[in-house]
Structure formats: structure tokens, C-alpha cells
Amino acid sequence: MLLGLILLAALLIPTVVVIIDGPIGRALARRLEGPERASPPLGDLAKRVDLLEGEVDDLHRSVESLKEENAFLQRLLEDSPSRSSLPPPPKP
């Protein structure tokens with residue numbers, strides 16, 4: 001009798017876990033959580049997308065100007081060894 005109850009409890013534990021973790025358990029959890037939150041209106045999303053696109057454009061322009069500045073500085077560094085800005089050493 002006692003062995004039967006222990007065996008029944010041991011078999012029910014995995015069964016309950018499978019039910020709770022399965023689609024039925026998820027549906028019950030959603031129902032207990034309450035009504036779903038409403039998604040933001042499409043107008044707000046469109047404004048946010050426009051703002052983000054503007055930010056991306058600004059960042060693109062900044063990156064391009066940094067590329068141009070980097071190329072200019074690279075050319076200056078490549079030309080500098082051929083031209084020395086120091087006067088020649090004095091002759092004794």
C-alpha cells in the first residue's frame with residue numbers, strides 16, 4: 001500500500017511538470033497574467049523610425065568626414081619623411 005503511494009507520487013511528478021511546462025501550462029499562465037498590453041500605435045512607431053533614420057544619416061556623415069580627415073592625415077604622414085622641417089645641421 002505504502003509502496004503503491006510512493007510509486008504513484010513518483011510517476012505524477014514528471015507528468016505534472018510536463019503539463020505545466022507544455023502549451024496548456026503556458027496558456028494558463030497567460031490567462032492568469034491578465035489582458036495583454038496594447039502595442040504602441042503605428043504613428044508613434046513611424047515617428048521613432050524617422051528619428052532613428054535621421055540619427056543614422058548624421059552618423060553616416062560623421063563617419064565620412066572622419067574618413068576624409070584620416071586620409072588627409074595619412075597623406076601628411078606619408079609626405080613628411082621626404083620633407084624635413086628642421087634646418088640642416090651647421091658645418092664646423
Item to complete: Step by step, work out the side-chain contact (heavy atoms from CB on, under 4.5 Å) result for Leu11 and Thr15.
Response: CA-CA 7 Å; Leu11 291 175; Thr15 306; 5.5 Å; no
side-chain contact (heavy atoms from CB on, under 4.5 Å) for Lys67 and Asn70? Distances and angles first, verdict last. CA-CA 5 Å; Lys67 282 182 184 178; Asn70 187 25; 5.7 Å; no
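Atoms CG and CZ, on Leu66 and Arg61 in that order, are 13.5 Å from each other to the nearest 0.5 Å. Distance check: Arg26 CZ to Ile20 CD1 gives 12.0 Å after rounding to the nearest 0.5 Å. How far CG of Leu2 is from CG of Leu7: 11.5 Å, rounded to the nearest 0.5 Å. In this structure, CG in Leu52 is found 10.5 Å from CG in Leu45, a value given to the nearest 0.5 Å.
Between Asp50 and Lys47, none of the side-chain N atoms (NZ, or NE/NH1/NH2) sits under 4.0 Å from a carboxylate O, so this pair counts as no salt bridge.
The number of heavy-atom neighbours closer than 6.0 Å to CG of Leu3, taken from other residues, nucleotides and ligands shown, is 12 or below.
Among Val49, Val56, Leu51, the single residue meeting the side chain to side chain contact (heavy atoms under 4.5 Å, CB included) criterion with Glu53 is Val49.
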